[in-house]
2 protein chains.
Amino acid sequence: MIEEKKISMAVIRRLPRYFRYLSDLIKLDIKRISSKELSERMQITASQIRQDLNCFGGFGQQGYGYNVEYLYEEISKILGTDKRFSCIILGAGNMGNALANYENFKKRGYDILAIFDVSEDKIGKKINGIEVYSTDKLAEFVANNKVDIAILTVPNKKIIEAATEVTSLGIKGIWNFTPSDLSLGEGIVVENVHLSDSLMVLGYRLREKGE
Amino acid sequence: MIEEKKISMAVIRRLPRYFRYLSDLIKLDIKRISSKELSERMQITASQIRQDLNCFGGFGQQGYGYNVEYLYEEISKILGTDKRFSCIILGAGNMGNALANYENFKKRGYDILAIFDVSEDKIGKKINGIEVYSTDKLAEFVANNKVDIAILTVPNKKIIEAATEVTSLGIKGIWNFTPSDLSLGEGIVVENVHLSDSLMVLGYRLREKGE
DNA sequence: TAGATTGTTAATCGATTAACAATC
DNA sequence: TAGATTGTTAATCGATTAACAATC
C-alpha cells in the first residue's frame, strides 16, 4: 500500500481557482508562466502555488516555469472534468429552477437527470428540458438510474426528510443549498453553499469597514 | 485609540453558524447551553466555541454556561441583523431571478431595491415586485438611492464592465455570483459565491472517496 | 555555461486545542 | 460550600511563507 500524504481541504478548494486562471491564460494565448507571474495574477504567493501543485506532481520545469496548456490539462484531470456525474435536483423552487437552467454545469460534467417536487402544478412540467417528477417517484428513479449527486434546494421544513431519504437511497454526494449543516456521517460528501451565511458575512465585513 | 485585536476571517465565517444553531435552540425552547453541549451539536470543539465567543466578549457565566436567548441576541448584534442594507441585483437571469424571489434576505435585513438588465424584454417588468431597469439607468439610480450592496449575476462577458461601473459609482459591497475573482482594491468588500468551484470540489471529494 | 525557476526542506505564522485558574 | 463551566493562557498543530539546492 502506497503511503499517500493527505491533501488538505485548503489546497483542494484552491484547485478550481487555478483551473479558472489557467483557462484564462489559454484564452489570452499565453504559453508559459512562472509561479511568480501567476502569483501576481492570483494574489497568492509563488511559494503557495508551488507547494499546492507539488501535492499532485511536479508539473513545472526548472528555469522555465509551467507550460500553461499542460498544467491546465493536469489540473483538469485532478478535478476530474473528464468524468461525468449524474445529478438530481430536489425542490423546483427558485433556486432549483435557476440551477436547472445553468448550462455551465453540464459543460463541467454534471448532468441533471431529473427534478423532484411535491407541488402538483410543477409535476409533469419541464424546466430547461428536464422533467419534474413527484417526490413519491424518487426511490423508483434512483433505483433505475445511477445518481451521484443530489442537489438540495428544498424549503426548511423538508430538509431533514429529504436528506434522510437521499442518504437511505445510497446517494453519496449532496450539494446543499439549504441552511442546515446535514451531518450525515462518513460515507456521504456534503458540499454546503449557505447563501444566507455568505450574505451575513458580507454585511459584517461592510459594517466593520465602515466604522 | 483602543488597541483592537483583529478578528480572523475563520472566526467571522463561523458566526452565522452560531447564529443558526442558537436560533434552533430557541425554537427547541432550550434556555441554557454549555460550550460542551454546543460543541457536540455543532461538531466543533468546546475550546473553539469559547475562543470564538471571547473575541467579542464574555457572554457566558462560569458554572452555568451560556444563556441561549442572550447569546443569540449578542451574536445577532455582532452580525448586525438589526441593521438594514440596500441591495441591487445586476443581471435578471436565472440566478438574479432566484435571488430576487428569496424572501429570507429581506428578513435578515437585506432589501432588494431594483434589478438591472440589458435585455429589452425584461426591462420594465417586475420580479417579485421589484422593478427591472435598463442598465443605462444604473448611475442615475445609485445617485438617487443609497445602495450598499450590488449583487452580481451578470453573464461572463459583462463581468468586468459591471464590476467597474459598480465600483466607480461608490458601491462598497459586492456579492459576487460570477466566476471571476474581482480584485477591486482596498475600499470594496467582495463576497464570492463561486458555485462552479463548489460543485467541482464536491466532484473531487466524491471521486477521492470512491477510490 | 549562466540565468532562471522549480521542487522541497526549513522557518514562521496563525489557528486550533488543551489546560487550568478564576468564579459563578 | 462544592461542582461546574467559563475566560484565558499555554501548547500543539497545520498551513503558509521563505530559502535554497537541484536542474532545466
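Small disclaimer: the values here were computed from a predicted structure and weren't measured. Just so it is clear, the values below take in all heavy atoms, side chains as well, and ignore hydrogens, waters and symmetry mates.
Judged by distance alone with a 3.5 Å cut-off, a donor-acceptor contact links the side chain of B:Gln51 to the base of D:dT9. For a distance-only test at 3.5 Å, the side chain of B:Ser8 fails to qualify as a donor-acceptor partner of the base of C:dA15. A:Gln61 contributes no side-chain N or O that forms a donor-acceptor pair with the base of C:dT5 under 3.5 Å.
Computed from coordinates, the A:Phe59 CZ to D:dT23 C1' distance equals 19 Å when rounded to whole Å. Rounded to a whole Å, the NZ atom of A:Lys36 is 8 Å from the P atom of C:dT5. Distance B:Ile49 CD1 to C:dA18 C1': 15 Å, rounded to the nearest Å. Rounded to an integer number of Å, the gap from B:Ile7 CD1 to C:dT16 P is 14 Å. Between the CG atom of A:Asn54 and the P atom of D:dT17 there is a distance of 16 Å, rounded to whole Å.
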Inset, instruction - Carefully, step by step, assess A:Asn67 and A:Gln61 under the rule side-chain hydrogen bond (donor to acceptor under 3.5 Å, both in side chains). - result: CA-CA 8 Å; A:Asn67 178 297; A:Gln61 201 166 68; over 6 Å; no

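Residue contacts for A:Ser47: at a heavy-atom cut-off of 4.0 Å it reaches a base atom on one of the strands shown.
The phosphate of C:dC24 (OP1 or OP2) has no side-chain N or O of B:Tyr66 nearer than 4.0 angstrom. Within the structure, a side-chain polar atom (N or O) of B:Thr45 is placed less than 4.0 Å from OP1 or OP2 of C:dT17. Taking 4.0 angstrom as the limit, A:Arg50 places none of its side-chain polar atoms (N or O) nearer than this to OP1 or OP2 of C:dG7. Under 4.0 angstrom from either OP1 or OP2 of C:dT16 there lies at least one side-chain N or O belonging to B:Arg14. Residue A:Arg32 places no side-chain N or O under 4.0 Å from the OP1 or OP2 atom of D:dC24.
Taken residue by residue, residues 16-29 of chain B places no heavy atom nearer than 4.0 Å to DNA chain D.
The main-chain N or O of B:Ser180 is found under 3.5 Å from a side-chain atom of B:Asn176 such that the two form a donor-acceptor pair. Checking side-chain atoms of A:Thr153 against main-chain N and O of A:Leu90 turns up a donor-acceptor pair under 3.5 Å. Side-chain atoms of A:Glu37 come within 3.5 Å of backbone atoms of A:Ser34 as a donor-acceptor pair (strictly under, hydrogens ignored).
D:dG14 is paired with C:dC13 under the criterion used here, namely a Watson-Crick or G-U wobble arrangement in which both key atom distances are under 3.5 Å. Across all strands shown, D:dT5 pairs with C:dA22; the Watson-Crick or G-U wobble distances both stay below 3.5 Å.
Considering only the side chain of A:Gln48, D:dT17 comes nearest among C:dT6, D:dT17, D:dT6.
Cation-pi check for B:Arg32 over B:Tyr66 is not met; the charged atom does not lie both under 6.0 angstrom from the ring centroid and within 45 degrees of its normal.
Between the side chains of B:Tyr110 and B:Asp148, no donor N or O sits under 3.5 Å from an acceptor N or O.
Taking the six-membered ring where the residue is Trp, the centroids of A:Tyr102 and A:Phe105 are separated by under 6.0 Å.
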